[in-house]
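One structure coming up, written as C-alpha cells, with questions to follow.
Below, chains carry the letters A, B, ... as their sequence lines are ordered, and counting in each starts from 1. In this text, all values refer to a predicted model and were calculated from it rather than measured experimentally.
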Amino acid sequence: MKMKKTSDTYFRIWQTVKRIPKGKVTTYGEIAKRSGFPKQARLVGYALHHLPPGVNIPWHRVVNAQRRISFPPGNENYNRQKALLEREGVIIVKGKILPEKFIGKK
DNA sequence: AACATGACAGGTC
DNA sequence: CGACCTGCCATGT
C-alpha cells in the first residue's frame, strides 16, 4: 500500500514526536534536528498543525525554545496543552516549563 | 511559477 | 524582558 499522501517530512517529524518520553518536553528545534532537519523548527510547528487523525501523538510535549507553550495564554489550545503536561507531572511556573523537565539546550 | 503564511529559532538592539 | 529582523521549508491560493 502506497499511502504517501502526506509528505515523508511530516511523517518523520511525527515519529520523532512520538518518542518523547512521558513527563518530559522538548523544543520544535530539537524535534527538527532529531528528525534530520536542523534549523527547520517551523516545519515541526506546521507538521503538528497538520496532525493526522486517528494517531496518538504527544504533541503537547513540544514547546518553544523559551520553554513556553507556543499558544497565546488563555487560549483553548494553551489550556489543553498545559493540562496534559501537568497531568504527566510537568510543572509549569508562570507559563514556563521547569528546566528539569525540559530537553534541549540550556 | 510567485507570493504570503505559519504550533519556530537565533541574533541584535 | 520586549520589538524586530533573518534564515529555512512545506503548503495553499
Side-chain angles (χ1 to χ4, degrees):
Chain A
M1 47 217 254
K2 45 138 184 72
M3 52 171 286
K4 279 283 203 235
K5 295 185 88 142
T6 42
S7 68
D8 300 331
T9 304
Y10 288 177
F11 190 73
R12 274 205 69 141
I13 291 175
W14 295 328
Q15 291 305 305
T16 306
V17 173
K18 261 188 182 175
R19 72 180 213 232
I20 301 174
K22 180 183 170 193
K24 298 274 187 181
V25 300
T26 188
T27 65
Y28 294 90
E30 272 299 305
I31 296 297
K33 189 174 186 179
R34 295 196 183 218
S35 299
F37 308 96
K39 302 204 159 161
Q40 297 179 200
R42 304 192 82 154
L43 289 189
V44 177
Y46 211 59
L48 292 183
H49 185 99
H50 287 265
L51 273 179
V55 184
N56 192 16
I57 296 176
W59 58 271
H60 54 278
R61 296 183 192 144
V62 185
V63 298
N64 60 32
Q66 294 141 51
R67 304 210 309 276
R68 288 181 162 291
I69 294 176
S70 277
F71 283 118
N75 175 289
E76 215 168 301
N77 282 320
Y78 177 93
N79 295 325
R80 240 190 303 268
Q81 180 166 11
K82 183 170 180 289
L84 286 168
L85 288 176
E86 294 181 324
R87 188 178 173 189
E88 294 183 351
V90 177
I91 313 295
I92 303 177
V93 182
K94 289 175 175 26
K96 294 173 200 158
I97 311 291
L98 286 198
E100 24 187 303
K101 303 288 184 182
F102 186 81
I103 304 176
K105 11 183 170 229
K106 294 174 188 150

Task: Value in whole Å for how far the P atom of dC8(B) lies from NE2 of His50(A) - done: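 Interatomic distance, NE2 of His50(A) to P of dC8(B): 13 Å.
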Open item on the list: Does any part of the side chain of Val44(A), heavy atoms only, come nearer than 4.5 Å to the side chain of Thr27(A), both counted from C-beta?
Closed with: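 Side chain of Thr27(A) against side chain of Val44(A), heavy atoms only: no contact under 4.5 Å found.
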Task: Distance in angstrom units between Arg67(A) CZ and dC1(C) C1', rounded - done: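 Nearest whole value for this atom pair: 15 Å.
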Open item on the list: Using only atom types and a distance under 3.5 Å, with no angle test, would you say the side chain of Arg61(A) pairs donor to acceptor with the backbone of Lys24(A)?
Closed with: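 Here the side-chain-to-backbone pair does not exist.
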Open item on the list: How many whole angstroms separate atom OH of Tyr10(A) from atom P of dA7(B)?
Closed with: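 Those two atoms, OH and P, are 11 Å apart.
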- [ ] Can you tell me the distance, in whole Å, between the CD atom of Gln81(A) and the P atom of dC8(B)?
- [x]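 Value for this atom pair: 11 Å.
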TODO: Taking the side chain as every heavy atom from C-beta outward, state whether Tyr46(A) and Ile13(A) have any atom pair closer than 4.5 Å.
DONE: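 No, too far: nothing below the 4.5 Å cut-off.
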- [ ] Take the protein atom NE2 of His49(A) and the nucleotide atom P of dA7(B), then report the distance between them rounded to whole Å.
- [x]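 The answer, rounded to whole Å, is 6 Å.
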TODO: Using a 4.0 Å heavy-atom cut-off across all strands, classify Lys96(A) as base, sugar-phosphate, or nothing.
DONE: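 Sugar-phosphate contact only - Lys96(A) comes under 4.0 Å of backbone atoms but never of a base.
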Task: Rounded interatomic separation in angstrom, taking CG from Leu43(A) and P from dG7(C) - done: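 So the two atoms are 17 Å apart, to the nearest Å.
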Task: Rounded distance (Å) that lies between atom P of dG2(C) and atom CD of Gln66(A) - done: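 Rounded to the whole Å, the gap is 9 Å.
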TODO: Please name the pair of heavy atoms, one in Gly74(A) and one in Asn79(A), separated by the smallest distance, quoted to 0.1 Å.
DONE: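 Looking at all heavy atoms of both residues, the shortest contact is O-ND2, 3.3 Å.
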